[in-house]
Protein chains: 2
Amino acid sequence: MENSDDFMAKIVALCKRRGFIFQSSEMYGGINGFWDYGPIGVALKRAVEQTWWKYMVEDRDNVEGLDSTIICHPMVWQASGHLANFADEMTDCTVCKKRFRVDQMDDPTTCPACGAKAMTPPRNFNLMMKTFVGPVFDEEHAAYLRAETCQPIFVDFNTIRIASRQKLPFGIAQTGKSFRNEINPRNFTFRSREFTQMEMEFFCHEDESMKWFDYWHEQRWNFYTKILGISEDKLRIHWHDKLAHYAKKALDIEFLYPFGWNEVEGVHHRGTWDMSQHAAYSKQEQDCRYFDQERNATYYPTVVETSCGLDRICLLLICNAYDEDTAATQKEGMDEDARVVLHFAPRIAPVQVAVLPLSKKLEEPATDLFRKIRGSFRAQYDVTGSIGKRYRRQDEIGTPFCVTFDFDSLNDNAVTVRDRDAMTQERVPVAELAQWLRNKIDK
Amino acid sequence: MENSDDFMAKIVALCKRRGFIFQSSEMYGGINGFWDYGPIGVALKRAVEQTWWKYMVEDRDNVEGLDSTIICHPMVWQASGHLANFADEMTDCTVCKKRFRVDQMDDPTTCPACGAKAMTPPRNFNLMMKTFVGPVFDEEHAAYLRAETCQPIFVDFNTIRIASRQKLPFGIAQTGKSFRNEINPRNFTFRSREFTQMEMEFFCHEDESMKWFDYWHEQRWNFYTKILGISEDKLRIHWHDKLAHYAKKALDIEFLYPFGWNEVEGVHHRGTWDMSQHAAYSKQEQDCRYFDQERNATYYPTVVETSCGLDRICLLLICNAYDEDTAATQKEGMDEDARVVLHFAPRIAPVQVAVLPLSKKLEEPATDLFRKIRGSFRAQYDVTGSIGKRYRRQDEIGTPFCVTFDFDSLNDNAVTVRDRDAMTQERVPVAELAQWLRNKIDK
């Protein structure tokens with residue numbers, strides 16, 4: 001088994017080299033915990049986000065969409081408890097000046113860096129990023145970048161309920177950036193300071209909430225296994241044994257990253273905590289309670305949340321897809337020892353189809369074909385280098401289908417489609433190509 | 001002609017009532033200059049963003065995508081000049097304590113609010129939002145929320161060029177949030193403090209830059225007129241007569257908003273300013289210059305920028321689509337005096353098709369139909385109220401096609417499709433419905 005640091009180093013290098021993900025502001029030495037998505041990465045990120053949005057919002061009658069601002073009224077974060085409690089306990093070494101999270105130390109009295117027994121008493125460090133809105137920079141004008149996308153959902157619950165004419169049970173979902181001033185960003189994009197969340201809050205009556213918890217548990221598991229095609233042996237459920245006082249049940253879906261089992265998704269029963277907190281802080285009871293006609297009762301909705309990180313899913317997909325494949329290379333008669341290949345599911349592959357003319361003389365008809373294909377699929381065109389080199393380039397970014405336009409194509413109006421995984425080649429009439437690809441990609 | 005304030009008040013009220021756009025954190029009294037998009041608004045916003053992305057990135061060989069972080073290295077904003085110069089001149093009234101932008105005052109010595117001649121000397125107020133990254137809140141750890149999405153494009157230019165194997169001329173595009181601490185947010189979402197930009201920077205040789213400027217001028221004009229379907233008499237070009245010292249040409253595309261002609265898009269010739277600034281501040285010449293094989297020369301790319309605000313486009317589309325329509329109402333024999341209708345182009349309509357069973361007894365087959373339709377179009381299902389009331393609800397959110405499933409549908413396998421604009425009704429076989437809709441929506 002390869003060392004996990006070496007494996008991650010390969011992933012990080014591939015991600016930069018091929019334009020998936022690289023450090024933000026690299027020209028200026030970078031900024032720790034911030035990552036940019038290049039042309040291939042942004043295609044992957046958008047495909048996953050849209051897949052989630054379709055699965056969670058567009059394909060459901062009982063989930064509505066939202067896109068709220070990153071900066072909210074600061075009272076939102078008082079009500080949620082973030083301003084008081086969203087903090088890590090930190091301790092400083094008075095000798096080497098390094099700072100550590102207490103919960104990550106074996107012995108909080110000894111410096112993990114220099115070994116000195118000279119640590120300061122632990123103190124809380126709040127993870128919310130602070131800014132100022134308006135012309136004066138004082139506490140009265142302080143505001144915070146949201147630490148999670150779910151709080152604005154609670155705050156907007158009633159406005160959305162009325163506008164959408166929904167009755168309980170129903171959910172509200174949003175995707176977007178969140179910010180956490182992590183002391184120690186690490187594991188590539190896994191723990192970063194700026195990241196994209198995809199969250200859904202499902203509002204229901206207390207009596208039905210456990211049923212809905214089980215439902216969303218199943219739905220979210222299916223998202224990874226059936227929609228994204230992740231093997232079940234790389235996923236597991238971690239049940240929380242310590243629950244928040246208001247929570248009835250909570251689980252994480254964990255993925256076996258190269259650096260170990262780690263959370264990619266949480267499904268949480270949040271009780272009536274959120275809505276009752278916002279009622280207490282806003283004094284707007286009517287916006288936080290629900291009149292249930294059938295039950296002839298008014299109550300705080302109980303919330304079941306599903307929450308995942310888009311960056312963590314992209315990293316999961318890249319790690320899961322990565323392979324070095326010697327046998328296949330021999331099969332195609334290439335010189336190299338191994339090919340690097342990403343086995344992305346065709347549905348979310350950043351490039352789904354590559355069009356490769358066998359010769360520069362074929363550029364005109366090949367370009368015509370490419371332009372048609374591009375209307376329906378994420379497509380790339382490549383004419384430089386040997387066909388083998390071009391296959392390898394597409395393998396590295398996980399393109400499932402390479403379409404080669406050769407001299408015979410001019411006569412038989414057919415092209416050769418090479419399958420990334422099986423490395424088989426099939427002759428497909430140009431007239432049938434779009435449907436052929438659609439059958440493979442949508443399956 | 002209706003008063004523009006009254007007209008805007010109607011737009012704002014409709015936007016909240018139907019879940020397009022409403023104030024962020026309203027439950028807490030709101031936060032000035034921040035707006036949330038509800039279920040219908042987020043559908044519109046996503047449709048416009050995806051239309052832009054397809055038009056500017058996916059359909060072109062010579063434009064690559066990027067998704068960079070909002071928080072960058074602070075040196076990025078020193079190089080761009082934002083930290084020194086991105087400021088408004090402000091003056092305070094020493095009597096009533098109100099603050100004003102000097103360039104918006106007729107007489108900078110007199111308070112527009114209380115009339116006192118007691119204004120402080122003008123001073124600069126920087127519009128960048130400041131935060132702190134890492135555990136210490138001092139100037140060394142200060143960082144800024146990006147004020148525009150284009151700067152990270154310049155910083156990542158070389159990494160993207162290498163990864164994508166592009167040669168000049170080519171462009172890099174991104175969409176995403178930007179932040180400006182506006183003193184006086186106004187005109188609904190037109191001037192807000194948190195907003196989404198869609199920008200493309202096109203890198204080329206100086207000699208070809210004016211040709212590319214003209215090309216992008218035309219492309220962006222076509223986006224509004226041909227892709228979004230805005231009438232040419234509501235759009236105009238405003239040529240800048242004052243140019244930045246490095247710029248050769250600059251124009252705005254303006255739209256006739258209810259509150260007057262205002263900029264929705266800028267096309268700017270930026271010369272080599274951006275790349276040479278980043279070279280000077282980063283000392284990474286090799287990341288900012290380009291070796292041109294054909295010309296056998298190394299140079300700073302010249303940049304032509306296209307820049308627009310997604311929120312401004314959504315507001316433009318809502319204002320442009322809004323109508324109160326008396327004649328049409330009479331045609332449908334409704335009691336009300338007028339219907340409120342949004343004439344969105346079908347391509348970007350938040351809901352493209354509504355499925356309406358004529359009776360609750362038809363819910364089962366109508367729901368089946370709805371579920372099929374929803375796979376291909378943004379669709380809504382509505383069974384409550386008279387069919388006329390349901391048409392009105394769909395008119396208000398701009399749904400171009402209402403599909404009524406009636407008792408005859410059980411026998412003839414056909415449905416009635418009502419056209420929002422012509423208010424005609426056409427009988428369409430269920431088997432042909434998807435294709436019928438596609439022809440209308442994609443045209």
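Each chain gets a letter, A, B and so on, in the order its sequence line appears, and its residues count up from 1.
Considering only heavy atoms from C-beta on, Leu145(A) comes within 4.5 Å of Leu145(B) through its side chain. Side chains of Arg165(B) and Asp382(A) form a contact here, defined as non-hydrogen atoms less than 4.5 Å apart. Contact of the Ile160(A) side chain with the Phe22(B) side chain is registered, since non-hydrogen atoms from C-beta on lie closer than 4.5 Å. At a threshold of 4.5 Å between non-hydrogen side-chain atoms, the residues Pro39(A) and Gln166(B) do not count as touching. In this structure the side chain of Thr131(B) never reaches within 4.5 angstrom of the side chain of Phe132(A), judged on heavy atoms. The closest side-chain heavy-atom distance from Met27(B) to His73(A) is not below 4.5 Å. Contact check for Arg46(B) versus Thr175(A): side-chain heavy atoms found under the 4.5 Å cut-off.
Looking at Asn158(B), neither its backbone nor its side chain comes within 4.5 Å of chain A, counting heavy atoms on both sides. In this structure, chain A has heavy atoms under 4.5 Å from both the backbone and the side chain of Gln50(B). In this structure, the portion of Lys177(B) lying under 4.5 Å from any heavy atom of chain A is its side chain and not its backbone. Looking at Ile70(B), both its backbone and its side chain come within 4.5 Å of chain A, counting heavy atoms on both sides. Arg60(B) touches chain A through its backbone: at least one of N, CA, C or O sits under 4.5 Å from a heavy atom, while the side chain does not. Residue contact with chain A, scored on non-hydrogen atoms closer than 4.5 Å, is absent for Tyr144(B). With a 4.5 angstrom heavy-atom cutoff, Phe125(B) touches chain A only via side-chain atoms. With a threshold of 4.5 angstrom between heavy atoms, Phe20(B) does not approach chain A through any atom at all. In this structure, the portion of Arg193(B) lying under 4.5 Å from any heavy atom of chain A is its side chain and not its backbone. Interface remark: Phe154(B) contributes backbone atoms only to the contact with chain A (heavy atom separation under 4.5 Å).
Summarising the geometry of Ser25(B) relative to Val155(A), their closest heavy-atom pair is CA-CG1, 3.8 Å, with the distance given to 0.1 Å. Residue Trp35(B) comes nearest to Thr69(A) through the heavy atom pair O-CG2, 3.3 Å, listed as atom of the first residue, atom of the second, then distance. Here the closest heavy-atom approach between residue Arg374(B) and residue Glu58(A) is recorded as CD-O, 2.9 Å. In terms of heavy-atom proximity, Tyr28(B) sits nearest to Ala79(A) at OH-CB, 3.3 Å.
Each of Gly19(B), Gly375(B), Ser68(B) has some count of heavy-atom pairs under 4.5 Å with chain A, and the biggest count is that of Ser68(B). Considering only heavy-atom pairs separated by less than 4.5 Å from chain A, the leading option among Trp53(B), Phe370(B), Tyr37(B) is Trp53(B).
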Worked verdict on Asp61(A) versus Arg371(B) for salt bridge (charged side-chain N to carboxylate O under 4.0 Å, His left out): CA-CA 9 Å; Asp61(A) 307 332; Arg371(B) 298 236 155 103; 2.9 Å; yes

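Under the 3.5 Å distance criterion, the side-chain polar atoms of Glu194(A) are matched with a main-chain donor or acceptor of Ile71(B). A side-chain donor-acceptor contact under 3.5 Å links Asn181(A) to the backbone of Gly134(B).
For Ser164(B) and Arg18(A), the side-chain atoms include no donor-acceptor pair closer than 3.5 Å.
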